[in-house]
Peer 1: 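Handing you this structure, nothing more for now.
Labels below follow one simple rule: chain letters A, B, ... track the order of the sequence lines, proteins then strands, and each chain is numbered from 1. As the structure is a computational prediction, the values presented were derived from the model and not from experiment.
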Number of protein chains: 2
Amino acid sequence: MKCHSYTDFFSNLANESNIKIIESLKTGPKNVTKISNETEIEQSATSHRLKKLVNCNVLNVERKGKERIYSLNKETITPILKLVDEHVHKKCKTCWIKEKEN
Amino acid sequence: MKCHSYTDFFSNLANESNIKIIESLKTGPKNVTKISNETEIEQSATSHRLKKLVNCNVLNVERKGKERIYSLNKETITPILKLVDEHVHKKCKTCWIKEKEN
DNA sequence: ATTTCATATGAATTTGGAATCATATGTTAT
DNA sequence: ATAACATATGATTCCAAATTCATATGAAAT
């Protein structure tokens, strides 16, 4: 259930839904409903994904009334994403990592 | 067939076999048989994995007689692995990314 | 030309994880 | 206590990706 390996961690970044959620949370902490709406991942699926992301310390949760507020774990995922993004921009001109389409 | 997205790339690092292969190649370029022996991934499976890794520019190949020599693509995967490793050591004391067991 | 070694390939099968579905739990308001 | 809202959970279904298996290709040696 906990995140034990190198591969366990990376599998979170190898999943489209998870990336969407992470992207969504870059603009700030949000509750499940809002995440679900923004990402267009249905509620139940969103909860399942969120659980995994928390288990791997990618996200934090805190309760606020009947809601649960999820946020990026700045100590872990943010620096890694930053490093990877930098690398993508600096080193990969003919890039095999496509920029996220917006 | 080619590696197009963020998630495609990370899926390479989310796979135990691929990590084994990458680890194996950290000590230098090798042919398929040697990789297969070191990683204990059978020949056919090894070839399949290698193909994917090459498609995502994680590895390079070159022919040498009847062998094919695979090597890490220093321009791409090496810097990322280095950055991630550094991050693991510096930032994750209570670490959710287990050090590779040897 | 035939054999042997090295690797690749395609199809079939297996499997692990994700989406889905139905329902449960928990919280606030009335 | 009941209703309405927010989220989680477990089971099932589904699917894509990985293994496996059998075989093909290709290169060197005899």
Peer 1: Taking any heavy-atom pair under 4.0 Å as a contact, classify A/Ser17: base, sugar-phosphate, or nothing.
Peer 2: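 The residue A/Ser17 makes sugar-phosphate contact but no base contact.
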
Peer 1: Does the side chain of A/Asn12 reach to within under 4.5 Å of the side chain of A/Ile22, using non-hydrogen atoms?
Peer 2: no

Peer 1: With respect to the phosphate group of C/dA18, does any side-chain polar atom (N or O) of A/Asn15 fall under 4.0 Å of OP1 or OP2?
Peer 2: yes

Peer 1: Which whole-number value in Å describes the distance from A/Phe10 CZ to C/dG16 P?
Peer 2: 22 Å

Peer 1: Does the side chain of B/Tyr70 get closer than 4.0 angstrom to OP1 or OP2 of C/dA6 through an N or O atom?
Peer 2: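 It does not, given that no N or O in the side chain of B/Tyr70 lies less than 4.0 Å from OP1 or OP2 of C/dA6.
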
Peer 1: Quick one: A/Asn55 CG to C/dG17 P, roughly how many Å, whole number?
Peer 2: 13 Å

Peer 1: What side-chain donor-acceptor pairs closer than 3.5 Å can you find for residues 59-68 of chain B, not counting sequence neighbours?
Peer 2:
from	atom 1	to	atom 2	distance (Å)
B/Glu67	OE1	B/Asn31	ND2	3.1

Peer 1: Thinking salt bridges, do B/Lys20 and B/Glu23 make one under a 4.0 Å N-O criterion?
Peer 2: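 Answer for the salt bridge query: no.
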
Peer 1: In whole angstrom, what separates A/Arg49's CZ from D/dA8's P?
Peer 2: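 Between P of D/dA8 and CZ of A/Arg49: 14 Å.
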
Peer 1: Taking only residues two or more places apart in sequence, or in another chain, which ones meet B/Ser24 in a side chain to side chain donor-acceptor pair (under 3.5 Å)?
Peer 2: B/Glu38

Peer 1: Whole-Å distance between D/dT7 P and A/Leu59 CG?
Peer 2: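 Answer to the nearest Å: 14 Å.
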
Peer 1: Measure the distance from CD1 on A/Ile21 to C1' on C/dA19 and round it to the nearest whole Å.
Peer 2: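 Distance, rounded to whole Å: 13 Å.
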
Peer 1: According to a hydrophobic-cluster definition based on side-chain heavy atoms being under 4.5 Å apart (Ile, Leu, Val, Met, Phe, Trp, Tyr only), do B/Val54 and B/Leu72 belong together?
Peer 2: yes

Peer 1: How far does OG1 of A/Thr46 sit from NZ of A/Lys34, to the nearest 0.5 angstrom?
Peer 2: 14.5 Å

Peer 1: Round to a whole Å and report the spacing from CG of B/Leu50 to C1' of D/dT19.
Peer 2: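 Nearest whole value for this atom pair: 15 Å.
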
Peer 1: Flag the pair A/Arg49 / A/Thr39 as yes when at least one side-chain heavy-atom distance between them is below 4.5 Å, and no otherwise.
Peer 2: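 Heavy-atom side-chain distance check fails, nothing below 4.5 Å.
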
Peer 1: Between the side chain of A/Ser11 and the main-chain N/O of B/Ala14, is any donor-acceptor distance below 3.5 Å?
Peer 2: no

Peer 1: Are the side chains of A/Leu13 and A/Ile19 in touch, meaning some heavy atoms are under 4.5 Å apart?
Peer 2: yes

Peer 1: With sequence neighbours excluded, what pairs up with B/Ser47 under the side chain to side chain donor-acceptor pair (under 3.5 Å) test?
Peer 2: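 Side chain to side chain donor-acceptor pair (under 3.5 Å) list for B/Ser47, sorted by chain: B/Gln43.
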
Peer 1: What are the two closest non-hydrogen atoms of A/Asn73 and A/Asn57, and how far apart are they?
Peer 2: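 Closest pair (atom of A/Asn73, atom of A/Asn57, distance): ND2-O, 3.0 Å.
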
Peer 1: Under 3.5 Å between N/O atoms: give me all the protein pairs with nucleotides 9-15 of chain D, atom names plus distance.
Peer 2:
from	atom 1	to	atom 2	distance (Å)
D/dT9	O4	A/Ser44	OG	2.6
D/dG10	O6	A/His48	NE2	2.7

Peer 1: Does anything in residues 31-42 of chain A reach DNA chain C, meaning a heavy atom under 4.0 Å, and if so which residues?
Peer 2: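 Result for residues 31-42 of chain A: A/Glu42, sorted by number.
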
Peer 1: Taking protein heavy atoms under 4.0 Å as touching, what does nucleotides 25-30 of chain C look like 5' to 3' if B marks base contact, S marks sugar-phosphate-only contact and - marks none?
Peer 2: -SBS--

